[in-house]
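What follows is a short report on a single structure.
Just so we're on the same page: letters track the sequence lines, and every chain starts at 1.
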Amino acid sequence: MAEALVLLTEVFLVAVGLLLVTLVWRRVALGRGERRVREAERRVRPVAIALVEGEGGETTGLSAREQAVLADVLGRYARKLTGDADARIGAYFHDAHALRSALRELHARRMWRRATAAYRLGDMCCPDEATQPLLAALDDSRREVRAAAARSLGRLRVVSAALPIVEALVQRRVPNGIAGQALLELGTDARPELGRIAGHEDPSVRATAITLLGLVGDSGDSHIAGAALRDPSADVRRAAAEALGRIGTFSDEGALRAALDDRMHFVRAEAAATLGVIDAPEALPRLVEIARTDRFRPARAAARAVARIDPKLLTSVAAAPDAGPHLHEAADLLAV
Amino acid sequence: MSAAETVLRIASWISFFYFVILSLVYLTFTIVAWKRLAAHRRARQYSPLDELFASPFTPPVSVILPAYNESTGIVSSVTSLLDLRYPRNEVIVVNDGSTDATLEALRDAFDLRPVREALRTRIPTAPVRATYVSRRHPNLWVLDKENGGKSDALNAGINASTYAYVCAVDADAVLEEDALLLVVKPVVDDPELVAAVGGIVRIANGCRIEAGRLVKFGLPRSNLARFQVIEYFRAFLIGRLAFDSINSVLIISGAFGLFSREHVEAVGGYARDTVGEDIELVTRLHRYLRDRGEAYRIKFVPDPVCWTEVPEQLAMLSRQRRRWQRGLGETLWRHRRMILNPRAGSVGMVTMPYFLLFEFFGAIVQLIGIPVVVLAWAIGVLSASFFLAFLVVSVLLSMLLSLAAVLLEEYAVRRHEGPREIALVVVYGLLESFGYRQLVAYFAFRGFIDLVRGRHDWGEMERRGLERSAEAPLPRQVSSP
Amino acid sequence: MNDAQAVPREQPVILAADDDEDILALVAFRLERSGYTVLQARDGQEAFELARSEKPDLAVLDVMMPKLDGFELTRRLRAEEATSRMPIILLTARAQDTDVAQGFDAGADDYLRKPFSPQELRTRVQAILGRR
């Protein structure tokens, strides 16, 4: 027993020693690695800038590490700039090792490698080469990879990805926020697709499609949102009211005013807010009533809507004794 | 062998087994934490924050700042909150009946105008005297209310919140610019599931802070604070990561925590009758959601979100640890129904028993165990080999694990600046088990006694907020990490 | 132009402030190539001091900077006699409507959202400086 314990103690001491050594080595290696990257970036950045700005940029003399760092820097510029930069960055990556390497890594065994590759492809501005592989990656077994693929397809503005991304969204294979953002980047190109999906059988799909139409669409799409004001699902109705507010103009005020009587308070709230945005004086009496008597959210939205449409009216109704807290708040905010 | 010797022997064996199990538990935690940190580090490469910042799908957040007698630091605290890198957020400062010039400082700095703000009444609070909005920053609201303590102030802030997510912060916490983005990320990935999120709280002593932001990192100069640095890595970082992997994080720091407002309202807000209001709330959230059988996540993101000052004097450290122990005990007692209850899932079957055994009762064993064994060996009741084995598991193993924690932190989270600092951290990591650990066990033991004796006067004083002592330049932090 | 100058300048001087090194270097490059002298600042405080001492002809400021954010910096520059009429372009990722409004309220002349086009920035700079 005693020898076993002595041995045990020695083992632990050795382990402690090893840990110490690993710690120091790791830290030193990390520090050195970071320093090297920083220096490489300093050297490489002028090249990247010249490239991005279309003024040459000598890339042949760079070492392998510098090429890798250059790829990272260019990826950052792809994210931070718009305009001609994308085309120039794409031209660089077209022949670059980084692109081929990323395409290969999409089939790596480890999840994080695939996800990182999918992500990087989005910043290389080479949609021709990357589209098919990324679309395939939308079906990856791991969520993180799918999310990165969706994000990259959005960044590359691949219009044909609209439907697959929406399907992934609907089947909850990609997080809402990421899919939504990707569709947003597809922008107006995604509108026809979104219009089609606004009639999908799953209410959450309809709701998402309409939310997105609100963000990327314009007055031409308001009829779709308007129709959705009468959707059987409350979530869709709310999304419709919100989308109309974002679009900003809507011809059928009557439908919105009808939504002020919706069963669900959050639909009423959204309808009230939107009526304020599109400036609908005919809704004022009902809005004032809601502001006085309804639940918190719709009442507040209604009070603010009244403030937007007719500030003078707000001031006078807020002075009444039974005006209620929301009208008071809205009136005070007006005065600020 | 006499009766006393038998007792001594049994006590020694109990201590021995306690330390063995504790070490194995910590070892498991460390391995789990290692894996998660490695995965998290890699994840940064394929999901950076910039795009969250620019996206309309990033949910807006109401940041709530309860303030009691913070006139010297409140303006810079609020400014740093307004400067957070986040697309849409509002800041709600709750002046909890300060007796100094807190409100005046806010009024002057931010051009406050009185507005009769409509407040929800779902959670009862002490009366709100007045509400203000800032003319210059329309997303800054100030509630002036009668004193009711930190929980009450937070509840009032929740009543005033517009958005679906609320973020509770401490007035003296120094936030990272990206803090909100970091804690919101899990929400964006799983909006229906995430009920609360916490992050890493790091120690500000020794760091240079300007205009409410950390400018330069530095290790504290005081020994006590240095030991706490190690302790935070070992106990808080590793522990919370491990619990996060089984969705049973119980502690989200009061200094910075994100919550789904609807859920907090559903459980009735922060409790006003406990000193551990942050752990109590999170436990209650777990209970509520598990009772309802809803799928949910309460998450811990291993990124630094804020920096707080830790006590550098024994008296203050003692007070803090006694309060923590009481808070822990009160929470475990209040929710004792969950312990070892299969319906409470991993929270009830793993985490709460862990806290009960190793954090709550553990103080006793930590404190008494070693002297008992020493005594037993000294009077010959136990063999030298037993004693040696005991030393190995109680001291050596914990040194190893402390070092492992430091290693992990170095590798994955944020690195210290130079070799000198690493050396310091290593040395203190080794020394932590030789005295500091026992010291905080003693304070926790005192807290245990406090609780058993039903002592509530400390709680009263702390609920009203600690007055700043003359020598401390920065306000005292009041929450657990 | 600035009346309070001792030495007439050959090239207009532009102050660029951003804590993002990538953006700062790019903006400096683009504007220098277009015939301007560019002063670089990496935080709001540095930018403020440079603006006061060098009195540039135009400033391109990021909003999310440490020490002094772009909005507050703009307000302070407007409050100082020497810089009160200096044209200011805010270049920032903070692009909600409330942010834009806040920017103009603070006294900025123009507001460019990130991600941005360097050509666009140059065009706006030229437009502003050409007018004066």
Does any backbone or side-chain atom of [X] lie under 4.5 Å from a heavy atom of chain A? Answer side chain, backbone, both or neither.
X	result
B/L52	neither
B/T162	both
B/V133	side chain
B/L397	side chain
B/V426	side chain

Side chain, backbone, both or neither: which part of [X] has an atom under 4.5 Å from a heavy atom of chain B?
X	result
A/R113	neither
A/L334	neither
A/L184	side chain
A/R295	neither

Answer yes or no: is there an ion pair linking [X] with [Y], defined by an N-O contact shorter than 4.0 Å?
X	Y	answer
A/E105	A/R120	no
B/D111	B/R136	no
B/D50	B/R85	yes
B/D189	B/R297	no
B/E192	A/R172	yes

Tell me, out of A/R151, A/R155, A/M111, who's got the most heavy-atom pairs with chain B below 4.5 Å. A/R151
So, A/S233 and A/D235: side-chain donor and acceptor under 3.5 Å apart, yes or no? no
Look at the rings of B/F386 and B/F390 and say which category their plane angle falls in: under 30° parallel, 30 to 60° tilted, over 60° perpendicular. parallel
